[in-house]
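Here is the structure we will look at.
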Amino acid sequence: MSRKPVRTSNDHAYSDNEIEDSIKISQQQLNNTKVYASREEYAKSLPKGIRYLEVGVAWGYSAQMFIDSAEASQALLIDLYNQDLKCWSWRKFGSCQCDGFKHELLYTPETHQEYIINKFSYHPKVSTMKGDALQLLKTLNNKYDLIYIDISNDRVQTKMALNESSRLIEVGGIIGMNDYLIYDGIIEEEPYGTFQTVNEFLQYNKNWIVDAIALHNLGFYDIYIRRVS
(Lines give C-alpha, C1' and ligand atoms only; values in the text may rest on other atoms or scores of the structure.)
Protein backbone atom coordinates (compact mmCIF):
# COMPACT_ATOMS: atom_id res chain seq x y z
CA MET A 1 0.00 0.00 0.00
CA SER A 2 1.38 3.42 -0.94
CA ARG A 3 1.51 6.10 1.73
CA LYS A 4 0.37 9.68 1.31
CA PRO A 5 2.16 12.63 2.94
CA VAL A 6 0.08 14.46 5.55
CA ARG A 7 1.04 17.76 7.19
CA THR A 8 -0.20 17.42 10.75
CA SER A 9 0.50 18.32 14.32
CA ASN A 10 3.11 16.11 15.96
CA ASP A 11 0.61 14.32 18.16
CA HIS A 12 -1.28 12.99 15.16
CA ALA A 13 -1.99 9.25 15.14
CA TYR A 14 -1.16 8.02 11.66
CA SER A 15 -3.32 5.63 9.71
CA ASP A 16 -1.68 2.82 7.76
CA ASN A 17 -1.43 4.86 4.56
CA GLU A 18 -0.16 8.15 6.04
CA ILE A 19 3.25 9.59 6.69
CA GLU A 20 4.08 13.04 8.04
CA ASP A 21 5.05 15.60 5.40
CA SER A 22 8.26 17.25 6.57
CA ILE A 23 9.10 20.91 7.00
CA LYS A 24 12.09 21.98 4.90
CA ILE A 25 15.35 23.31 6.33
CA SER A 26 16.29 26.76 5.03
CA GLN A 27 19.26 27.00 2.69
CA GLN A 28 20.97 29.47 5.05
CA GLN A 29 21.05 26.80 7.74
CA LEU A 30 22.66 24.34 5.32
CA ASN A 31 25.32 26.50 3.66
CA ASN A 32 28.17 25.24 5.87
CA THR A 33 26.96 21.67 6.35
CA LYS A 34 29.56 18.92 6.03
CA VAL A 35 28.86 15.34 4.99
CA TYR A 36 30.73 12.43 6.58
CA ALA A 37 30.85 8.81 5.48
CA SER A 38 29.80 7.69 8.97
CA ARG A 39 29.36 8.96 12.49
CA GLU A 40 32.73 7.39 13.27
CA GLU A 41 34.30 9.79 10.74
CA TYR A 42 32.35 12.69 12.22
CA ALA A 43 33.61 11.84 15.70
CA LYS A 44 37.19 12.28 14.45
CA SER A 45 36.41 15.91 13.57
CA LEU A 46 35.41 16.94 17.09
CA PRO A 47 37.66 19.19 19.19
CA LYS A 48 39.44 17.65 22.15
CA GLY A 49 38.27 17.96 25.72
CA ILE A 50 34.55 18.30 25.12
CA ARG A 51 31.87 18.02 27.78
CA TYR A 52 29.64 15.18 26.61
CA LEU A 53 26.09 14.06 27.38
CA GLU A 54 24.44 11.01 25.85
CA VAL A 55 20.72 10.33 26.12
CA GLY A 56 20.04 6.66 25.35
CA VAL A 57 23.19 4.62 25.87
CA ALA A 58 22.35 0.99 24.94
CA TRP A 59 25.65 -0.96 24.97
CA GLY A 60 27.75 2.21 24.97
CA TYR A 61 29.17 2.08 21.45
CA SER A 62 28.46 5.67 20.44
CA ALA A 63 29.37 6.97 23.90
CA GLN A 64 32.78 5.31 23.77
CA MET A 65 33.34 6.49 20.21
CA PHE A 66 32.69 10.15 21.05
CA ILE A 67 34.38 10.07 24.45
CA ASP A 68 37.55 8.48 23.11
CA SER A 69 37.76 10.33 19.78
CA ALA A 70 37.24 13.73 21.40
CA GLU A 71 39.13 12.86 24.61
CA ALA A 72 36.10 14.14 26.52
CA SER A 73 36.92 15.96 29.74
CA GLN A 74 33.69 14.67 31.30
CA ALA A 75 30.63 12.69 30.27
CA LEU A 76 27.17 11.92 31.60
CA LEU A 77 25.32 8.87 30.24
CA ILE A 78 21.54 8.76 30.75
CA ASP A 79 19.48 5.64 30.14
CA LEU A 80 16.73 3.51 31.63
CA TYR A 81 19.39 0.79 31.91
CA ASN A 82 16.86 -1.99 31.58
CA GLN A 83 17.96 -3.77 28.38
CA ASP A 84 20.02 -6.73 27.26
CA LEU A 85 22.56 -6.56 24.43
CA LYS A 86 20.38 -7.79 21.59
CA CYS A 87 20.69 -5.46 18.60
CA TRP A 88 17.82 -4.80 16.17
CA SER A 89 18.99 -7.49 13.73
CA TRP A 90 19.17 -10.06 16.53
CA ARG A 91 15.62 -9.24 17.61
CA LYS A 92 14.34 -9.35 14.04
CA PHE A 93 16.29 -12.29 12.57
CA GLY A 94 17.20 -14.33 15.65
CA SER A 95 20.95 -13.62 15.49
CA CYS A 96 23.23 -10.60 15.24
CA GLN A 97 23.75 -9.54 11.62
CA CYS A 98 25.98 -6.55 12.37
CA ASP A 99 29.03 -6.09 10.16
CA GLY A 100 32.30 -5.90 12.06
CA PHE A 101 30.82 -6.24 15.54
CA LYS A 102 28.90 -9.26 16.76
CA HIS A 103 26.71 -8.73 19.81
CA GLU A 104 26.75 -11.19 22.66
CA LEU A 105 24.66 -11.36 25.82
CA LEU A 106 27.22 -9.57 27.94
CA TYR A 107 24.64 -8.14 30.32
CA THR A 108 21.00 -8.51 31.36
CA PRO A 109 18.43 -5.84 32.20
CA GLU A 110 19.48 -6.25 35.85
CA THR A 111 23.20 -5.70 35.10
CA HIS A 112 22.91 -3.15 32.29
CA GLN A 113 24.01 -0.10 34.28
CA GLU A 114 26.80 -2.06 35.97
CA TYR A 115 28.08 -3.10 32.54
CA ILE A 116 28.25 0.52 31.36
CA ILE A 117 29.94 1.67 34.57
CA ASN A 118 32.57 -1.04 34.15
CA LYS A 119 32.97 -0.26 30.45
CA PHE A 120 34.01 3.30 31.27
CA SER A 121 35.93 2.57 34.45
CA TYR A 122 39.11 3.74 32.66
CA HIS A 123 37.77 7.32 32.55
CA PRO A 124 37.68 9.21 35.87
CA LYS A 125 34.87 11.59 34.85
CA VAL A 126 32.23 9.41 33.20
CA SER A 127 29.04 9.03 35.25
CA THR A 128 25.65 7.44 34.69
CA MET A 129 22.09 8.43 35.54
CA LYS A 130 19.33 5.82 35.53
CA GLY A 131 15.75 6.77 34.80
CA ASP A 132 13.38 8.35 32.32
CA ALA A 133 15.51 10.57 30.10
CA LEU A 134 12.87 13.24 29.54
CA GLN A 135 12.42 13.69 33.28
CA LEU A 136 16.13 13.59 34.05
CA LEU A 137 16.96 16.18 31.38
CA LYS A 138 14.68 18.64 33.15
CA THR A 139 16.82 18.37 36.29
CA LEU A 140 20.10 19.21 34.54
CA ASN A 141 21.65 22.68 34.42
CA ASN A 142 25.26 21.99 33.43
CA LYS A 143 26.35 22.98 29.93
CA TYR A 144 27.68 20.54 27.34
CA ASP A 145 29.61 20.85 24.08
CA LEU A 146 28.01 17.79 22.51
CA ILE A 147 24.74 16.04 23.34
CA TYR A 148 23.88 12.85 21.46
CA ILE A 149 20.24 11.71 21.53
CA ASP A 150 19.11 8.17 20.71
CA ILE A 151 16.21 7.31 23.00
CA SER A 152 13.19 6.87 20.78
CA ASN A 153 11.82 7.31 17.27
CA ASP A 154 8.54 8.67 18.62
CA ARG A 155 7.73 12.16 17.37
CA VAL A 156 6.64 13.63 20.70
CA GLN A 157 9.53 12.13 22.69
CA THR A 158 12.18 13.26 20.21
CA LYS A 159 10.76 16.78 20.24
CA MET A 160 10.80 16.93 24.04
CA ALA A 161 14.32 15.52 24.22
CA LEU A 162 15.63 18.01 21.66
CA ASN A 163 13.97 20.98 23.32
CA GLU A 164 15.26 20.06 26.78
CA SER A 165 18.75 19.37 25.44
CA SER A 166 18.93 22.67 23.56
CA ARG A 167 18.89 24.69 26.78
CA LEU A 168 22.02 22.81 27.92
CA ILE A 169 24.05 23.90 24.88
CA GLU A 170 26.10 27.10 24.78
CA VAL A 171 27.03 28.97 21.59
CA GLY A 172 29.17 26.69 19.45
CA GLY A 173 27.80 23.52 21.01
CA ILE A 174 26.26 20.65 19.08
CA ILE A 175 23.32 18.25 19.39
CA GLY A 176 23.45 14.98 17.45
CA MET A 177 20.33 13.00 16.63
CA ASN A 178 20.34 9.36 15.58
CA ASP A 179 18.00 7.89 12.92
CA TYR A 180 17.47 11.04 10.87
CA LEU A 181 14.91 9.56 8.52
CA ILE A 182 11.20 9.93 7.95
CA TYR A 183 10.24 6.28 7.52
CA ASP A 184 11.88 2.99 8.44
CA GLY A 185 11.21 0.23 5.95
CA ILE A 186 13.89 -2.10 7.31
CA ILE A 187 13.37 -2.65 11.03
CA GLU A 188 9.93 -1.53 12.13
CA GLU A 189 7.93 -0.55 9.01
CA GLU A 190 6.74 2.70 10.56
CA PRO A 191 7.30 6.48 10.50
CA TYR A 192 10.23 7.89 12.47
CA GLY A 193 9.95 11.22 14.28
CA THR A 194 13.53 12.52 14.17
CA PHE A 195 13.50 13.96 10.66
CA GLN A 196 10.47 16.16 11.18
CA THR A 197 11.46 17.03 14.75
CA VAL A 198 14.87 18.41 13.72
CA ASN A 199 13.51 20.27 10.69
CA GLU A 200 10.76 21.84 12.79
CA PHE A 201 13.24 22.85 15.50
CA LEU A 202 15.47 24.55 12.92
CA GLN A 203 12.52 26.43 11.44
CA TYR A 204 11.73 28.04 14.78
CA ASN A 205 15.33 28.42 15.98
CA LYS A 206 17.29 30.33 13.34
CA ASN A 207 20.27 30.57 15.68
CA TRP A 208 20.95 26.89 14.96
CA ILE A 209 22.43 25.45 11.76
CA VAL A 210 23.15 21.98 10.43
CA ASP A 211 26.78 21.25 11.28
CA ALA A 212 26.95 17.83 9.59
CA ILE A 213 25.16 14.82 8.21
CA ALA A 214 26.75 11.42 8.90
CA LEU A 215 25.75 8.70 6.44
CA HIS A 216 24.86 5.10 7.28
CA ASN A 217 24.93 2.05 5.03
CA LEU A 218 21.24 1.30 5.68
CA GLY A 219 20.10 4.92 5.59
CA PHE A 220 19.88 5.51 9.35
CA TYR A 221 21.70 8.82 9.10
CA ASP A 222 22.84 11.04 11.95
CA ILE A 223 22.30 14.79 11.91
CA TYR A 224 24.33 17.25 13.99
CA ILE A 225 23.02 20.77 14.60
CA ARG A 226 25.09 23.61 16.03
CA ARG A 227 24.04 26.65 18.04
CA VAL A 228 25.64 29.73 16.45
CA SER A 229 24.29 32.55 18.61
Side-chain angles (χ1 to χ4, degrees), residues 29-30 32-79 81 85 87 98-101 103 112-113 115-130 133 136-137 139-151 158 161-180 194 197-198 201-202 205 207-217 220-229:
Q29 291 170 297
L30 291 166
N32 296 306
T33 301
K34 301 173 287 294
V35 178
Y36 290 85
S38 64
R39 60 178 173 170
E40 288 82 1
E41 289 298 321
Y42 177 75
K44 296 176 185 177
S45 74
L46 294 170
K48 305 300 183 184
I50 65 170
R51 298 163 294 177
Y52 181 67
L53 168 62
E54 182 158 310
V55 186
V57 180
W59 57 88
Y61 175 79
S62 57
Q64 188 164 42
M65 175 186 65
F66 287 122
I67 289 169
D68 291 355
S69 293
E71 299 176 12
S73 60
Q74 57 180 279
L76 175 60
L77 309 179
I78 295 177
D79 198 287
Y81 294 113
L85 194 51
C87 61
C98 296
D99 184 22
F101 181 89
H103 294 91
H112 186 181
Q113 186 176 20
Y115 173 84
I116 294 298
I117 291 172
N118 291 335
K119 185 182 185 76
F120 292 97
S121 59
Y122 65 90
H123 196 299
K125 292 191 176 180
V126 173
S127 57
T128 64
M129 290 184 70
K130 181 176 182 177
L136 292 177
L137 282 171
T139 71
L140 301 181
N141 292 301
N142 292 337
K143 301 299 182 181
Y144 297 91
D145 303 300
L146 173 62
I147 300 176
Y148 189 71
I149 302 172
D150 185 15
I151 58 169
T158 54
L162 178 55
N163 287 340
E164 284 296 332
S165 296
S166 66
R167 69 179 181 81
L168 304 176
I169 291 288
E170 296 179 314
V171 173
I174 294 169
I175 295 177
M177 301 280 286
N178 184 240
D179 294 334
Y180 181 64
T194 307
T197 292
V198 173
F201 178 85
L202 291 171
N205 295 275
N207 61 324
W208 289 74
I209 63 170
V210 180
D211 183 64
I213 299 286
L215 305 181
H216 183 274
N217 61 327
F220 296 93
Y221 296 170
D222 275 12
I223 187 167
Y224 299 88
I225 60 175
R226 181 189 295 273
R227 182 182 172 190
V228 293
S229 66

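Here the straight-line distance linking atom CD1 of Ile223 with atom CG of Leu202 works out to 6.5 Å at 0.5 Å rounding. Atom CD1 of Ile174 is separated from atom CG of Asp211 by 4.0 Å, given to the nearest 0.5 angstrom. Separation of atoms CG (Leu53) and CG (Asn142) is listed at 9.5 Å; rounding is to 0.5 Å. In this structure, NZ on Lys44 lies 12.5 Å from CZ on Phe66, to the nearest 0.5 angstrom. Within the model, atoms CD1 of Ile78 and OG of Ser127 stand 9.0 Å from one another, a figure rounded to the nearest 0.5 Å. In this structure, Asn163 CG and Thr158 OG1 are separated by 9.5 Å, a value rounded to the nearest 0.5 Å.
Within the 3.5 Å criterion, the main-chain N or O of Asn118 finds a donor-acceptor partner in the side chain of Ser121. A donor-acceptor contact shorter than 3.5 Å is absent between the side chain of His123 and the backbone of Ile67. The backbone N or O of Val210 lies less than 3.5 Å from no partner atom in the side chain of Lys34, so there is not a single donor-acceptor pair. With hydrogens and angles ignored, the 3.5 Å screen pairs no side-chain donor or acceptor of Asp150 with any backbone N or O of Gly56. Counting only distance, with no hydrogens or angles, the side chain of Arg226 and the backbone of Ile209 share no donor-acceptor pair below 3.5 Å.
Residues Ile225 and Asn205 form no side-chain contact, since every pair of their non-hydrogen atoms from C-beta on lies 4.5 Å or further apart. Residues Asp79 and His112 meet the side-chain proximity criterion, which asks for heavy atoms closer than 4.5 Å.
Between Met129 and Tyr81, the shortest heavy-atom contact is O-CE1, 3.4 Å. Taking each heavy atom of Trp59 and Tyr115 in turn, the nearest pair found is O-CE2, 3.8 Å. Closest approach of Leu137 to Arg167, counting heavy atoms only: O-NH2, 2.8 Å. Between Ile149 and Ser165, the shortest heavy-atom contact is CD1-OG, 3.5 Å. Contact record, Arg227 with Ile169: NH1-O, 2.8 Å, taken as the closest heavy-atom pair. Across all their heavy atoms, Gln29 and Trp208 have their closest contact at NE2-O, 2.8 Å.
One side chain, Tyr148 or Asp222, offers a donor N or O that lies under 3.5 Å from an acceptor on the other. Side-chain contact of Tyr144 with Glu54: a donor-acceptor pair under 3.5 Å is absent, judged by distance alone.
Other residues, nucleotides and ligands place more than 12 heavy atoms under 6.0 Å from the NZ atom of Lys143.
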Could you go step by step and tell me if Ile116 and Leu77 meet the side chain to side chain contact (heavy atoms under 4.5 Å, CB included) rule?
CA-CA 9 Å; Ile116 294 298; Leu77 309 179; 4.0 Å; yes
Let me see the working for Leu215 and Val35 under side chain to side chain contact (heavy atoms under 4.5 Å, CB included), right down to the final yes or no.
CA-CA 7 Å; Leu215 305 181; Val35 178; 4.1 Å; yes
Checking side chain to side chain contact (heavy atoms under 4.5 Å, CB included) for the pair Lys125/Tyr52: CA distance, chi angles, key distance, verdict?
CA-CA 10 Å; Lys125 292 191 176 180; Tyr52 181 67; over 6 Å; no
In sequence, state the C-alpha distance, the side-chain angles, and the governing distance for Arg39 and Tyr61, and then conclude on side chain to side chain contact (heavy atoms under 4.5 Å, CB included).
CA-CA 11 Å; Arg39 60 178 173 170; Tyr61 175 79; 3.7 Å; yes
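Listed by first and then second residue, the side chain to side chain donor-acceptor pair (under 3.5 Å) pairs that reach into residues 67-76 are Asp68-Tyr122, sequence neighbours excluded.
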